[in-house]
Amino acid sequence: YWHLFKTFFRNSLIRMMENRFDFLFRFFPTTLTLFLNVFSVSFIFSQVNEIAGWQKYQLFLLMGTYYIVWGIFFGLFIQNLSRINRYVNRGELDLVLTKPVDSQFYSSFRMAIDFGEAATLLTGIYLVLYSLGNLNIHPNLMNYIAYLVLIINGVILAYSVWFISMTLSFWIGRIPELHEAFLSIYSLNKYPIDIYQGFLKTILIYFLPIAVMVTFPTKVLLGTLSFSFAIWSFFVGAAVLYLSHLFWNFALKHYSSASS
């Protein structure tokens, strides 16, 4: 599978080089969006000192982490998962199922990797470093390793939830924008989980665990993530990934191929 992924990656890189100015075209609007978000947060904090215990540069740190996770999982999967609805409803999934590899893996990586999202990733990294500097926080190597591992875990969780939502195509039918449902849910990560209270906060940590994707990695750098929540984040990441595989295999049993 690793060799197959490298082939997909190489083919995507070749396509990117044929459109080498795409990165620059994507960089400027991405930077503008980041600037507008930073400006809006700065305006809010000109009126208040903190929001749900989060100070301005702590929220900037969260925002940077949000863009890092977005840049990775969106770059890897937007060209792939957004096509699952079409595969199912046009019978194109037949071609995937005939390949001698896991169909979930092939559906998730076969198309181009969107290198244009590197602009989002780079702006996120810059905002994280900028925020740490203003917070006078100097993470050690272990802090950065823990942050990176939780970022990867967040990407895995984001992918898994997104893949599950796209698997609903087997029953829902022709809804080309089905993937937008997950992206709307992910946008909740722009805000710290602490702004939500009571039952809603419980849902977003344990049942629809979007807090694991962005807030938990951010709290590692701030030194406020408990060990129990760190363990929980890895458990939920692995569990939802496995659930996505089970749900995909269950859905395949309800698939009517174009030849049937």
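Computed from heavy atoms alone, side chains included, the values below leave out hydrogens, waters and symmetry copies. Along the sequence shown, the residues carry numbers beginning at 1.
- Taking 4.5 Å as the limit, some side-chain heavy atom of L150 sits within range of a side-chain heavy atom of S233.
- The only member of I84, V88, V161, N80 that meets side chain to side chain contact (heavy atoms under 4.5 Å, CB included) when paired with M166 is I84.
- Taking each heavy atom of G237 and I156 in turn, the nearest pair found is O-CG2, 4.0 Å.
- Ring centroid separation for the pair F170 and W248 comes in under the 6.0 Å cut-off.
- Under the side chain to side chain donor-acceptor pair (under 3.5 Å) criterion, the residue pairs touching residues 58-77 are N37-Y67, T65-Y147, T65-T218, W70-E117, with sequence neighbours excluded.
- A heavy-atom distance below 4.5 Å is not found between the side chains of I68 and V214.
- Shown here is K99, whose NZ atom has no more than 12 heavy atoms of other residues, nucleotides or ligands within 6.0 Å.
- With sequence neighbours excluded, no residue satisfies side-chain hydrogen bond (donor to acceptor under 3.5 Å, both in side chains) with S160.
- Taking Ile, Leu, Val, Met, Phe, Trp and Tyr as members and joining any whose side-chain heavy atoms lie under 4.5 Å apart, directly or through other members, F39 forms no hydrophobic cluster with any other residue.
- The side-chain hydrogen bond (donor to acceptor under 3.5 Å, both in side chains) search around S46 returns none, not counting sequence neighbours.
- Of all non-hydrogen atoms in I210 and N189, the two that sit nearest each other are O-OD1, 2.6 Å.
- A distance below 6.0 Å separates the ring centres of F109 and F77.
- Only one option out of L129, N134, V128, L127 pairs with S131 in a side chain to side chain contact (heavy atoms under 4.5 Å, CB included); it is L127.
- For the pair T167 and S169, the minimum side-chain heavy-atom distance is 4.5 Å or more.
- No more than 12 heavy atoms of other residues, nucleotides or ligands lie within 6.0 Å of OH in Y126, so this atom counts as exposed by the packing criterion.
- Between K219 and D194, at least one side-chain N (NZ, or NE/NH1/NH2) sits under 4.0 Å from a carboxylate O, which counts as a salt bridge.
- Side-chain contact between V212 and N153: present, with at least one pair of heavy atoms (C-beta onward) separated by less than 4.5 Å.
- Taking Ile, Leu, Val, Met, Phe, Trp and Tyr as members and joining any whose side-chain heavy atoms lie under 4.5 Å apart, directly or through other members, the hydrophobic cluster of F35 also contains L32, L36.
- When every heavy atom of F163 is checked against every heavy atom of Q104, the shortest pair comes out as CZ-CG, 3.3 Å.
- Ring pair Y57/Y130 is perpendicular by interplanar angle, where above 60° counts as perpendicular and below 30° as parallel.
- Take N249 and apply the side-chain hydrogen bond (donor to acceptor under 3.5 Å, both in side chains) test, not counting sequence neighbours, and it matches H245.
- The shortest heavy-atom contact between Y196 and L200 is CD2-CD2, 3.6 Å.
- Within 6.0 Å of the CZ atom in F234, the count of heavy atoms belonging to other residues, nucleotides or ligands exceeds 12.
- In this structure, F73 has its ring center at least 6.0 angstrom away from the ring center of Y159.
- In this structure, a donor-acceptor pair under 3.5 Å is absent between the side chains of H138 and N140.
- The two atoms that bring P209 and V236 nearest to each other are CG-CG2, 3.5 Å, heavy atoms only.
- Note: W232 and Y206 meet the aromatic proximity criterion, with ring centroids under 6.0 Å apart.
- Between I151 and I72 there is a side-chain heavy-atom pair separated by less than 4.5 Å.
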